[in-house]
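Scroll down for the structure; my scribbles are underneath it.
All figures in this text were calculated on a predicted structure; none of them were measured in a lab. We're numbering straight along the sequence, starting at 1. For the numbers below, each heavy atom of this structure counts, side chains included, while hydrogens, waters and symmetry mates do not.
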Amino acid sequence: MRVLLIQPPVEDFYDTDVRLQPIGLCYLKAAVNAHLPEIEIIVKDYHSGAGRKTVAMPKELRYLTEYYSVADKSPFSTFHRYYHFGKSFEAIEEEIALLKPDIVGISSLFTPYFREGLEVAARVKKASNATVVMGGSHASAVPESLLASAHVDYVIRGEGEKPFVEFLRCLKNHKPVDTVANLAYKRNGEVVLKPIEENFPIEDLPMPDLSDFSPASYTLAGKPLTFMITSRSCPHKCSFCSVHTTFGTDYRRRSLDQVLEEIQLRYRQGYRVIDFEDDNLTYYKQTFKELCRRLIARFPNREMEFVAMNGISYLSLDDGLLELMRQAGFSHLNLALVSSDKTVRETTKRPHTLEAYLRVVHKAAALGFKVVSYQILGLPNESLASMIQTLAFNARLPVLLGASPFYQTPNSPIARGLKLNESDFIKARLTALAIETKGFSRDDIYTLFVTTRIVNFLKGLRVDASTSFQELISLRWFEPRTQVGIDLLQQLSETGRLYFATTQGLRENQKFRTELFTRALREIGAIRCQSGEKISVEAFGDKLASQATRLATVGVSDVFDGSDLTSSHIV
């Protein structure tokens, strides 16, 4: 029996190309090898390593053409083209025909890309007689959306190792599969959902089998990277998160010895960066401190680099742990503030405090960490004032701003009771700017998203001492793209309008709400750069406010027609 496990391509405006290793499929391969070694199993990643090509935007997202209308070359650019990332469906079909699999497992992790998984299933059926089974986070949340396809035979919900092994054992021995836990399938046109049962104990799971890939397949800054998990699930119950749909509510940890054994194996295999993808890596901080101590002893010259791109809960960080992490080889921290508004944190069931957050940020900055803090824009029942408060709060700290427009994730606590349809699934991505309420519009969310780009641009400027926006725009900048950003901000301060910088010239960004940007600037007051220096933007905000008053009085066409703008610095 030959089993083929597939990570499908995806289609979107952008791709996070550093986080593509299909670690879940590699766990499945290892489990099958351990329990059914006679079965041949191959993992294929059709997402990474094949570039991108422009494709048509789905009809559900065409309203975004107003927001992503041009190829903006400025430092504040968002998105423009819609792409297919990965191998073409035609090439996938050809490869499947050559491989002749008996069983094909397809990963359906992220809801907005479920159609890509279904298209792969269709290609499997065209190229072979293989049985198709799908699994992953989306499959766990809404298996019916996959079983509605004639090309999908089965879905596995929840953690997949044990049910997948039992599923293959039944097929191999020609026994009915209706005894397999977690399985979903169609019977007489009706969807059957078998009860979800416990997976193999986490300490019994074999290490992911990476043998289908070379260390050079996935890299970070040119160094071979691999994913790792030390735990499954999360003890927190944030209302916008769907982690419990897949991993259940029981938070489980691997032993320190197991984790260190895997790290040493990956080092011997040639990997030099470990990305911990846990949903709550440092919850048991004393245990994680001991892990860091052992890593320091094993790699005293930082032969390995460690990152946690899935984020770390600042609630479990303290000064001692941050110091140990820095010594062990961590250089970046991704923190999820979500909101600085206490009411919002309470309604989303975030058990975090601003005091803890500030302590972590200041200590991390003092230790030399590069910190990115993530804010969700547009949570239900959140006000514009609350969003601006959080944005301004982080702008005044030595962190980069990571803004994620809110979207509904199927079966997350915040979405339960809602009847999400296929259109909602396609919009379940940050690029969709999907949610509008009585309190804020899509234009508002877009404006705040662009505002974070502008703030990060200013945070990244190399200034030797605290300064003001007025002093910055009087300087000439060596790097052309930086000068474009400065020029556009100067024009914004003079005209009250933000422009796109394109190779054909400058075009007004008509979806950018200058009055909302002004509110944000005036609340920020002074931006704190990652270097620790400050850039005062209060006068910038005051000038925009007075500009708005003047424009309202005399009319924009009497003040400025854009004819003196150039794009000489665009490259």
Side-chain angles (χ1 to χ4, degrees), residues 1-10 15 17-50 85-89 91-110 113 116-117 119-121 123-124 127-128 130-139 152 154-156 159-169 171-172 199-200 205-219 224-229 246 262 265-266 269-271 274-275 277:
M1 179 185 289
R2 172 175 283 180
V3 177
L4 176 62
L5 300 179
I6 292 175
Q7 174 163 265
V10 305
D15 193 29
D17 57 1
V18 74
R19 296 181 65 195
L20 300 184
Q21 188 180 50
I23 196 70
L25 299 183
C26 296
Y27 262 107
L28 291 181
K29 176 169 181 171
V32 172
N33 285 340
H35 295 274
L36 299 169
E38 66 277 13
I39 291 179
E40 179 187 7
I41 186 162
I42 303 166
V43 179
K44 286 289 183 179
D45 182 0
Y46 292 134
H47 183 176
S48 67
F85 295 96
K87 188 162 286 192
S88 70
F89 293 120
I92 293 171
E93 182 180 335
E94 290 174 4
E95 190 163 332
I96 290 169
L98 291 173
L99 289 170
K100 296 182 173 59
D102 301 294
I103 312 293
V104 175
I106 302 172
S107 174
S108 185
L109 283 178
F110 304 108
Y113 311 131
E116 288 88 310
E119 180 61 26
V120 170
R123 300 296 178 141
V124 170
S128 72
T131 298
V132 172
V133 56
M134 298 187 72
S137 300
H138 177 76
V152 178
Y154 300 97
V155 166
I156 290 177
E159 292 181 69
E161 288 88 356
K162 186 176 182 179
F164 191 58
V165 166
E166 294 305 316
F167 174 73
L168 293 180
R169 181 176 282 126
L171 293 181
K172 175 179 173 291
N199 194 23
F200 296 124
L205 290 175
M207 297 177 195
D209 187 332
L210 309 182
S211 60
D212 289 299
F213 310 105
S214 73
S217 298
Y218 309 94
T219 61
L225 171 144
T226 186
F227 286 0
M228 184 176 296
I229 64 159
T246 304
E262 184 174 348
L265 171 64
R266 300 311 180 206
Q269 291 174 336
Y271 295 95
I274 300 287
D275 175 25
E277 283 285 314

Shortest non-hydrogen separation from Pro22 to Gln7 and the atoms involved: CB-OE1, 3.7 Å
Nearest atoms (heavy-atom pairs only) where Pro8 meets Gly117: CG-CA, 4.0 Å
Verdict with reasoning, Leu28 to Leu5, per side chain to side chain contact (heavy atoms under 4.5 Å, CB included): CA-CA 9 Å; Leu28 291 181; Leu5 300 179; 3.9 Å; yes
Stepwise side chain to side chain contact (heavy atoms under 4.5 Å, CB included) test for Tyr113 and His138: CA-CA 9 Å; Tyr113 311 131; His138 177 76; over 6 Å; no
Neighbour count above 12 (heavy atom, 6.0 Å) for Phe110 CZ: no
Nearest-0.5 Å distance that lies between atom CZ in Arg19 and atom OG in Ser48: 14.0 Å
Pro9 side chain reached by Val120 side chain, heavy atoms, under 4.5 Å: yes
For Arg2, all residues meeting side chain to side chain donor-acceptor pair (under 3.5 Å), sequence neighbours excluded: Glu40
Distance in Å, Ile229 CD1 paired with Met207 CE, rounded so as to fall on 0.5 Å steps: 12.0 Å
Gap between atom CG of Asn33 and atom CD of Glu38 - 0.5 Å precision: 10.0 Å
Ionic contact status for Arg123 with Glu119, cut-off 4.0 Å: yes
Residues that Thr226 engages under side-chain contact (heavy atoms from CB on, under 4.5 Å), provided they are two or more places apart: Gln21, Leu210, Arg266, Tyr271, Ile274
Sub-4.5 Å side-chain heavy-atom contact between Val104 and Thr131: no
CA sep, side-chain torsions, deciding dist, call: Asp275, Tyr218, side-chain hydrogen bond (donor to acceptor under 3.5 Å, both in side chains): CA-CA 11 Å; Asp275 175 25; Tyr218 309 94; over 6 Å; no
Heavy-atom pair with the smallest gap, counting every atom of Ala50 and Gly86: CB-C, 3.5 Å
Interatomic spacing from OG in Ser108 to CD1 in Ile6 - rounded to 0.5 Å: 13.0 Å
Steps toward side chain to side chain contact (heavy atoms under 4.5 Å, CB included) verdict (Ile106, Val133): CA-CA 6 Å; Ile106 302 172; Val133 56; over 6 Å; no
Heavy-atom pair of closest approach, residues Ile103 and Met1: CG1-SD, 4.1 Å
Between CZ on residue Phe164 and OH on residue Tyr154, distance to nearest 0.5 Å: 12.5 Å
Interatomic spacing from CD in Glu94 to OG in Ser88 - rounded to 0.5 Å: 7.0 Å
Asp209-Tyr27 side chain donor-acceptor pair, cut-off 3.5 Å: no
Flag, side chain of Ser217 to backbone of Ser214, donor-acceptor distance under 3.5 Å: yes
side-chain contact (heavy atoms from CB on, under 4.5 Å) partner of Leu4, chosen from Ile96, Val124, Ile41: Ile96
Working for ring-ring contact (aromatic ring centres under 6.0 Å, His included), residues His35 and Phe200: CA-CA 11 Å; His35 295 274; Phe200 296 124; 4.6 Å; yes
Evaluation steps, side chain to side chain contact (heavy atoms under 4.5 Å, CB included), between Met228 and Glu277: CA-CA 6 Å; Met228 184 176 296; Glu277 283 285 314; over 6 Å; no
Heavy-atom pair with the smallest gap, counting every atom of Phe227 and Ile23: O-CD1, 3.8 Å
Partner set under side-chain contact (heavy atoms from CB on, under 4.5 Å) for Ala31, not counting sequence neighbours: Glu161, Val165
Shortest non-hydrogen separation from Glu262 to Pro208 and the atoms involved: OE2-CD, 3.6 Å
Lys/Arg-Asp/Glu bridge criterion (N-O < 4.0 Å) met for Asp212, Lys29: yes
